[in-house]
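Note sheet for the following structure.
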Amino acid sequence: MSELVNSIRERYLGTLDKIASAAKRSGRSPEAVKLVVVTKAQPVEVARAAIEAGAVILGENYAEEGVTKIQSLQNFSAVEWHMIGHVQSRKAPLVAEHFNFMHSLDSLKLAKRLDRSCGDAGRVLPVLLEFNVGGEESKGGWEAVDESRWATLTGEISEILVMPNLRVRGLMSMPPLGETAEFSRPYFQKLRRLRDFLVSQLPQADFSELSMGTSSDYEVAVEEGATFVRVGTAIVGPRSYITEHA
Ligand SMILES: *Cc1c(COP(=O)(O)O)cnc(C)c1O
């Protein structure tokens, strides 16, 4: 086995161990947490090595870059490809045709385009709704900083819930990056509270998945209820290039 696969395997297994410990600390089952290995801005060789090292879910941020990797690695048919980055509406067909799961559904406009594209492709796409719980302008998602305004979110969400080709499964967030993992805890707690609020308002819907936590804070995210963590650099190393995503 190659050096690259070996080193990724070691870090992948180490991450799984830490996830399991964090889950147990908070009285959760380790199986309740799924690890998304983020291969954005990594060459296809690194994505291949991650799969050979045991990764079963890969996360990509940019539609074209992801599709290139999906097509070169399609022999690994058991692998799931998850879109975790902002998608422009005109790229919706790429996601609908090639990805297995979408974490970053961040507007009604995109939902409409994705639903239509999934219909054209004859596919049904599981999605998470992305919320901005940290208030940063640069971050995507429905604005959800002010808890007193959460009730205003349910209108658009209700429209998405009845789209025939999308299946809402939960919530996702990418909070501000702090100096320590603990800095993220209140944001993760807030996303979970928002989930509980939406469950109370829209009891017919499924919001069981919470996608939160990256290399710097995934253990805290698991303690706070994450069912997906999205870990890149801690497993596959520093990103090797900057992609153009105009
Ligand atoms: C890049 C990225 C990650 C992974 O970040 P790392 O610090 O490399 O673990 C997770 N989620 C999203 C949305 C990202 O863009």
Side-chain angles (χ1 to χ4, degrees), residues 4 7-8 10-19 22 33-43 46-47 49-50 53 55-66 69 80-88 91 95 99-107 110 126-142 144 169-185 187-188 190-191 209-222 224-246:
L4 178 62
S7 72
I8 293 177
E10 201 166 297
R11 284 175 286 179
Y12 177 71
L13 295 176
T15 305
L16 286 179
D17 272 350
K18 288 183 182 165
I19 290 171
V33 187
K34 300 169 284 292
L35 173 55
V36 180
V37 178
V38 178
T39 48
K40 70 164 179 230
Q42 299 280 0
V46 170
V56 286
I57 307 176
L58 298 194
E60 287 283 335
N61 277 58
Y62 311 112
E64 279 97 344
E65 180 191 332
K69 287 177 209 172
E80 279 186 32
W81 294 87
H82 289 202
M83 171 50 72
I84 64 169
H86 172 67
V87 174
Q88 293 164 285
K91 308 268 175 80
V95 175
F99 282 83
N100 303 104
F101 204 108
M102 167 96 178
H103 291 233
S104 43
L105 180 54
D106 58 7
S107 72
L110 176 60
V127 300
L128 306 179
L129 306 175
E130 180 173 358
F131 292 93
N132 183 340
V133 293
E136 291 172 295
E137 298 252 332
S138 61
K139 293 287 165 66
W142 278 272
R169 303 276 301 279
L171 282 61
M172 178 269 207
S173 193
M174 183 79 176
L177 190 61
E179 299 269 297
T180 65
E182 279 304 319
F183 177 86
S184 304
R185 191 182 299 275
Y187 299 108
F188 297 150
K190 193 162 190 176
L191 190 70
E209 306 284 356
L210 281 181
S211 173
M212 55 192 197
T214 66
S215 291
S216 54
D217 52 19
Y218 67 88
E219 291 165 90
V220 172
V222 169
E224 296 301 337
T227 64
F228 283 108
V229 292
R230 311 177 307 267
V231 181
T233 49
I235 295 175
V236 292
R239 287 182 261 286
S240 50
Y241 58 90
I242 308 296
T243 38
E244 294 297 327
H245 45 104

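Both counts, for ligands and for their atoms, begin at 1 and track the order of listing. Only heavy atoms go into these numbers, but all of them, side chains included; no hydrogens, no water, no symmetry mates. When a residue number appears, it is its place in the shown sequence, counting from 1.
Judged by distance alone, the side chain of S216 and the main-chain N or O of A181 form no donor-acceptor pair under 3.5 Å. Here the side chain of S215 pairs a donor or acceptor atom with the backbone of A234 at under 3.5 angstrom. Here the side chain of E60 pairs no donor or acceptor atom with the backbone of A41 at under 3.5 angstrom.
Applying the side chain to side chain donor-acceptor pair (under 3.5 Å) rule to E224 yields the partners R185, Q189; only residues at least two apart in sequence or on another chain are considered. Applying the salt bridge (charged side-chain N to carboxylate O under 4.0 Å, His left out) rule to K190 yields no partners; only residues at least two apart in sequence or on another chain are considered.
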Pairs under 3.5 Å, N/O atoms on ligand 1 and on the protein: can you put them in a table with the distances?
residue  : atom   : partner : partner atom : Å
ligand 1 : 8 (O)  : T233    : N            : 2.9
ligand 1 : 8 (O)  : T233    : OG1          : 3.2
ligand 1 : 8 (O)  : R239    : NH1          : 2.8
ligand 1 : 8 (O)  : R239    : NH2          : 3.4
ligand 1 : 9 (O)  : S215    : N            : 2.9
ligand 1 : 9 (O)  : S215    : OG           : 2.5
ligand 1 : 9 (O)  : G232    : N            : 2.8
ligand 1 : 11 (N) : R230    : NE           : 2.9
ligand 1 : 15 (O) : K40     : NZ           : 2.6
ligand 1 : 15 (O) : N61     : ND2          : 2.8

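Within the structure, salt bridge (Lys or Arg N to Asp or Glu O under 4.0 Å) contacts touching residues 129-138 (residues at least two apart or in different chains) are E136-K139.
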